[in-house]
Trainee: 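Pasting in a structure now, in structure tokens, and then I'll have a few things to ask.
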Amino acid sequence: MNSAIGRLYPSSKFCFVLLAIIVSIFTPGHWLQYAMFPFFLFLSFCSGTGMKFFKAFISSIAMIVVVIFLVQVFIVRYPDSQPIWGFIYLSQNGLEKSLGITSKIVASASAIMWYFQVTTPKDMVYAMERANWPKKATFVVMSTIQMVPQVMNQAKTIMDAQKSRGIETEGGVWIRLKTFVPMLGPLIFSLIQQTEEHALALQSRAFLSSAKKTSLYRLDKHAIDWGIQVLCLILFIAFLVWRIF
Amino acid sequence: MAYLELCDVDFSYSNGFEALHHVSMRFEMGEAVAIIGQNGAGKTTVVKLMNGLLKPSRGQVLVDGVTTKQQRTSQVAAKVGYVFQNPDDQIFQDTIGKEIAYGLVKKKVEKSAVKAKVAAAARLCGLEDEMETHPYDLPFSRRKFVTIASALVMDPKVLILDEPTAGQDAPSTRLLADIIQGVMASGKTVITITHDMEFVTKEFSRGIVMAKKHVLMDAPIAEIFENDEVLEEAHLKRPYIAQLARSYGIRGVLTDEELLRAM
Ligand SMILES: Nc1ncnc2c1ncn2[C@@H]1O[C@H](COP(=O)(O)OP(=O)(O)OP(=O)(O)O)[C@@H](O)[C@H]1O
Ligand SMILES: [Mg+2]
């Protein structure tokens, strides 16, 4: 996050991500879309989050992509499906279809993942506030973004609490499931409670006051930010022109 | 042989931060030991290693002669009970009775036995009238006793309390002292982390001073409070009585009675 890319203004990066997603969705074929992955991987290495990006991608998106391929190519039936064995069929149509779906998923997910890895929540809040977003909207967006790491931490803490009382949480899928399910209730309860307390704390600091806030934290839009945003806009118009005419 | 032993242990957190470096200590059964030291010295980390929640990066932690690396946390925890520094990290049932009983119920202990054990632990921790209360309806200081009761009820050989004195008033601190004495009297070991030096001098005979990932000193409490260098390095203060006594030039005094005798 301390890289040159990390310090860009959030909306510059966001414009770029938005452009990448729009182009990926509305361009026919799948090579451009697949190329977005190495492209964002490269950007991630430039931003110092390369390994993190790669690991997150492999453990989430890559899995989904593989599953879609397997299901579409071997299981879903198309007119050209060739029986192979039992309920397994082979289909060229399925292959094409999954290339179409997965390439778009890969492209959009790469862009979004990169954005959240190189932009701190602090910067996002700052940018939203400066752009005069409604304050409640800012709070909702931030609580949602922070929810995932919060849930992970909370889950780990409750697991530790169970372990330290001599309760088995390590082992096979069944044991994990048996310990995980009963803790969902308290987990969600405590998250709601935390968010409520968070909201109270903010209220007590004049969160909804209509006065203009000053911020100790500063993040300026530099020439490069304007440059990126204008460039994105031009590229977007060029893309529209190309796709429509 | 010591029941619980750390042999030359290093520990680093997953973010690469090294929290302990070359730490060794050993505990016999029937001891009451206080671990003292500045915030961030590594006290919580060291006790989580004893309880198997963390496994050493280097060196061994032996519980009852077996290294914790070869055991699951739940196995180690049955012998070494740990009460978390923050009770809210530990409480997740909706009544205090259920919270205390949770571990026993999960271990499929017989119902009537659970009831008896829970009642006994609750009485010991002054919670007998709160069994149906929601844990979060009690103040933080009493929630801590809920977690102590849920650890006591599992009947571990070693009980570790992480800063039980924080935020407790005088009666609660006395209750805590009674609990510690009671556990010791049944031949078990109590290890307590605390910043309350009065509590340390009153309730413990042995102390371990930690500072910056290391054990600085492991000695009888009286010796620790005589050692100016160690106290300074660990940023510890003597109990108020000892400070007062010293300002009158009287050394070797830790309690009111000792001061009276010396005067
Ligand atoms: N999960 C973690 N990941 C990374 N670093 C950690 C983690 N937990 C603790 N630390 C760091 O390890 C060091 C020792 O922490 P520890 O909690 O053992 O200190 P402590 O002596 O218990 O302090 P306190 O008196 O504040 O409870 C601290 O510098 C802390 O920031
Ligand atoms: Mg601690």
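Residue numbers start from 1 in every chain, and the chains themselves are labelled A, B, ... in the order their sequence lines are given, proteins ahead of strands.
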Trainee: Are more than 12 heavy atoms from other residues, nucleotides or ligands located less than 6.0 Å from atom NE2 of B/H134?
Mentor: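 Count over threshold, so yes.
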Trainee: Quick one: CG on B/L53 to CE on A/M159, what's the gap to the nearest 0.5 Å?
Mentor: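 The CE atom of A/M159 is 12.5 Å from CG of B/L53, to the nearest 0.5 Å.
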Trainee: So, using ring pair (Phe, Tyr, Trp, His ring centres under 6.0 Å) as the criterion, who are the partners of A/F37 when residues are at least two apart?
Mentor: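 Once residues adjacent in sequence are excluded, the partners of A/F37 under the ring pair (Phe, Tyr, Trp, His ring centres under 6.0 Å) criterion are A/F57.
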Trainee: Is it the case that more than 12 heavy atoms not belonging to A/L202 sit under 6.0 Å from its CG atom?
Mentor: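 More than 12 within 6.0 Å, yes.
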Trainee: Under 6.0 Å from the NZ atom of B/K55, do we count more than 12 heavy atoms belonging to anything else shown?
Mentor: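 Count over threshold, so yes.
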Trainee: Select, from B/F84, B/Y82, B/Y136, the one with the greatest count of heavy-atom pairs under 4.5 Å involving chain A.
Mentor: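 Top option by heavy-atom pairs under 4.5 Å: B/F84.
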Trainee: Working to the nearest 0.5 angstrom, can you tell me the gap between A/S164 OG and B/K48 NZ?
Mentor: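 It comes to 9.0 Å.
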Trainee: Between CG of B/L54 and CG of A/D160, what distance do you get to the nearest 0.5 Å?
Mentor: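 Nearest 0.5 Å value for the CG-CG distance: 7.5 Å.
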